[in-house]
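In what follows, a structure is listed as structure tokens, so that the remarks can point back to it.
Positions are given from 1, in the same order as the sequence printed here. In each ligand, atom 1 is the first atom listed, and ligand 1 is the first ligand listed.
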Amino acid sequence: MSKPDLMEKIVSLCKRRGFVYPGSGIYGGLANSYCYGPLGVELLRNIKNHWWKTFVHQRPEVYGISSSIIMHPKVWEASGHITSFNDALVECLECHNRFRADYLIEEKSDLKVEGKPLSELEKLMEEVDVTCPVCGDNKFTSPRKFNLLFETELGSVQDESSTVYLRGETAQGMFVAYKNVLDSMHPNLPFGIAQVGKAFRNEITLGNFIFRTFEFEQMEIEYFIRENEWKDWFEQWQELMWNWIVNLGVSEEKLRWRKHTEDELSHYSKRTEDVEYDFPFGGFKELYGLAYRTDYDLKQHQEYSGADLCYQDRVSGKKFFPHIVEPTFGVGRTLLVLLLESYQEDGDRKILSLDPEIAPYKVAVFPLVSNKEEIVNKARDVFAMLNSQFHVAWDDRGNIGKRYYSQDEIGTPWCVTIDYDTLEDNSVTIRDRDTTQQVRIKINNLVNWFSNQLFLKK
Ligand code: GAP
């Protein structure tokens, strides 16, 4: 299957089967906004829960928080986002569409130019003869800095003092809460503060479905360490991030690490490496990031807030600023990659071979026929029993073959059919999504059987 074909199939499956709808559809849509449907929201929750279990619950030194989306405006002054969270914007003089200058150059050449000074980008645009992707013209305004923070007003009076920002990264919530976590949880170094939540960016270049949107969810950890340990922790987090996504079924050949160039580094970072995935649009692009943020953020917040953000060593009593390694994961990009990786076709059969732990439904229950009361009632009992433990789908439409296909397409790992024999022997047929093999199991053993399967697949 060609790459554009695959992307088209995923976008269409997402809409048809209730994973992702275009945003504000009944009003003609709002570009680059989306609504996660009944199955998409389950998949998102399962991804986030799996992440939380792995990086918060299974790591006693990591503490979860959930901070406000709108924080004190000084947070963004201190963090450097008001002055430095910019992209280079150009406008086509013919059709007035706006683009990121660095992306236009990179699309036209093999150069990596993200973060280069505006004057250099302007020269390069001429050198590689950038043309407008919309109208084909080659005349643009000079690149200018465009800040990505969304501004809004707090309260009913609009003046400068009421300007606030939608958070551009969840990370700042962790730095602002750091002192509260120190005082309430008394952690020893190394320790982490984690958060999952929405971030907002007034992105210039969007598109490619849910890859780049104005609002998106991040799963981030600020990991506080001693300065001399940063390289070790950077390497350890590289391994942890890689293993997490590979264990969810993403093939290693489609993943790579890429180190940021000096120009490209964010204002707070001394070293950043991205996990890139070979997307069907334009090849390897950022999936996740890992940054060594040094003690930049804590020092800035101490300066701007006046709060003492030093950490005091329990044994020596020495006070110092911890350094920070930050693993960051995009939720929407994870969902997109898992759909791309799990989609398969076998003749007419379309399959999402999702890891059972993150599949929207674990099991689907079918009465073989829908007009025989005893079978339907028995199936309802089985549904109620299983649904108290797992998320279970019910389907009594059409024939069994169609129902199997329908569940395969949304990634349900197992289907259970209640048939005439069930009324005699209290057994049901379980059919496996990946092998299509069937086994007969006693109803009393079903919960254990699925629990074991889910445990084994971990
Ligand atoms: N705190 C560091 C930080 O925010 P980032 O690389 O700018 O780093 C982290 O963003 C992750 O958030 C990215 O690796 C990506 O998965 C996701 N992400 C960033 N911008 C996005 C956008 N506009 N739409 C969807 N996901 C995005």
Salt-bridge test for Asp102 and Arg100: reply yes if a basic N is under 4.0 Å from a carboxylate O, no otherwise. yes
If you measure from each non-hydrogen atom of Phe211 to ligand 1, which part falls under 4.0 Å: side chain, backbone, both or neither? backbone
Can you give the donor-acceptor pairs under 3.5 Å from side chains of residues 245-253 to other protein atoms, not counting sequence neighbours?
residue, atom, partner, partner atom, Å
Asn247, ND2, Asn243, O, 3.2
Ser251, OG, Glu341, OE1, 2.9
Glu252, OE1, Trp242, NE1, 2.6

Would you mind running through ligand 1 and noting each atom that sits below 4.0 Å from a heavy atom of Glu326? 1 (N), 2 (C)
Salt bridge between Asp263 and Lys116, side-chain N to carboxylate O under 4.0 Å? yes
Lys/Arg-Asp/Glu bridge criterion (N-O < 4.0 Å) met for Asp183, Lys179: yes
Distance filter under 4.0 Å to Glu286 heavy atoms, resulting ligand 1 atoms: 6 (O), 13 (C), 14 (O)
Applying the salt bridge (charged side-chain N to carboxylate O under 4.0 Å, His left out) test to Glu276, which of Lys259, Arg256, Arg333 qualifies? Arg256
Compute the shortest N/O to N/O distance between Gly168 and ligand 1 and return yes if it is under 3.5 Å, no if not. no
Taking only heavy atoms of Glu203 into account, list the atoms of ligand 1 that are under 4.0 Å away from them. 20 (N), 22 (C), 23 (N)
So if I count the atoms of ligand 1 from 1 in the order they appear, which ones are less than 4.0 Å from some heavy atom of Thr328? 8 (O), 9 (C), 11 (C)
Cut-off 3.5 Å, no hydrogens considered: what does the side-chain donor-acceptor table look like for residues 312-322, sequence neighbours left out?
residue, atom, partner, partner atom, Å
Gln312, NE2, Gly317, O, 3.0
Asp313, OD1, Arg226, NH1, 3.3
Asp313, OD1, Arg226, NH2, 2.9
Asp313, OD2, Val315, N, 3.0
Asp313, OD2, Ser316, N, 2.9
Asp313, OD2, Ser316, OG, 3.2
Arg314, NH1, Asn188, OD1, 3.1
Arg314, NH2, His186, O, 2.5
Ser316, OG, Lys318, N, 3.2
Lys319, NZ, Asp308, OD2, 2.5

If we set the cut-off at 4.0 Å for heavy atoms, which region of Arg293 has an atom near ligand 1: side chain, backbone, both, or neither? side chain
Would you mind running through ligand 1 and noting each atom that sits below 4.0 Å from a heavy atom of Gly289? 14 (O)
Is there at least one pair of N or O atoms, one from Glu220 and one from ligand 1, spaced under 3.5 Å apart? yes
Scan side-chain atoms only and decide if Thr163 and Glu151 contain a donor-acceptor pair under the 3.5 Å cut-off. no
If I apply the N/O under 3.5 Å rule, does Gln218 come out as touching ligand 1? yes
Test log, rule side chain to side chain donor-acceptor pair (under 3.5 Å), inputs Thr170 and Glu220: CA-CA 7 Å; Thr170 62; Glu220 296 197 299; 2.6 Å; yes
Does only the side chain of Tyr268 get under 4.0 Å from ligand 1, or the backbone, or both, or neither? Count heavy atoms. side chain
Taking only heavy atoms of Glu169, which atoms of ligand 1 are found under 4.0 Å from at least one of them? 1 (N), 2 (C), 3 (C), 4 (O)
Is any NZ, NE, NH1 or NH2 atom of the basic residue among Glu91 and Arg98 found under 4.0 Å from an Asp or Glu carboxylate oxygen of the other? yes
Suppose I only count heavy atoms of Gly330 and a 4.0 Å limit; which atoms of ligand 1 are within that range? 16 (O), 17 (C)
Find all atoms of ligand 1 within a distance of less than 4.0 Å from any non-hydrogen atom belonging to Tyr288, and give their numbers and elements. 14 (O)
Would you say Phe329 has any N or O atom under 3.5 Å from an N or O of ligand 1, going by distance alone? no
Short side-chain donor-acceptor distance under 3.5 Å, Asp297 and Gln172: yes
Which one holds for Asp274 and ligand 1: side chain close, backbone close, both close, or neither close, with close meaning a heavy atom under 4.0 Å? neither
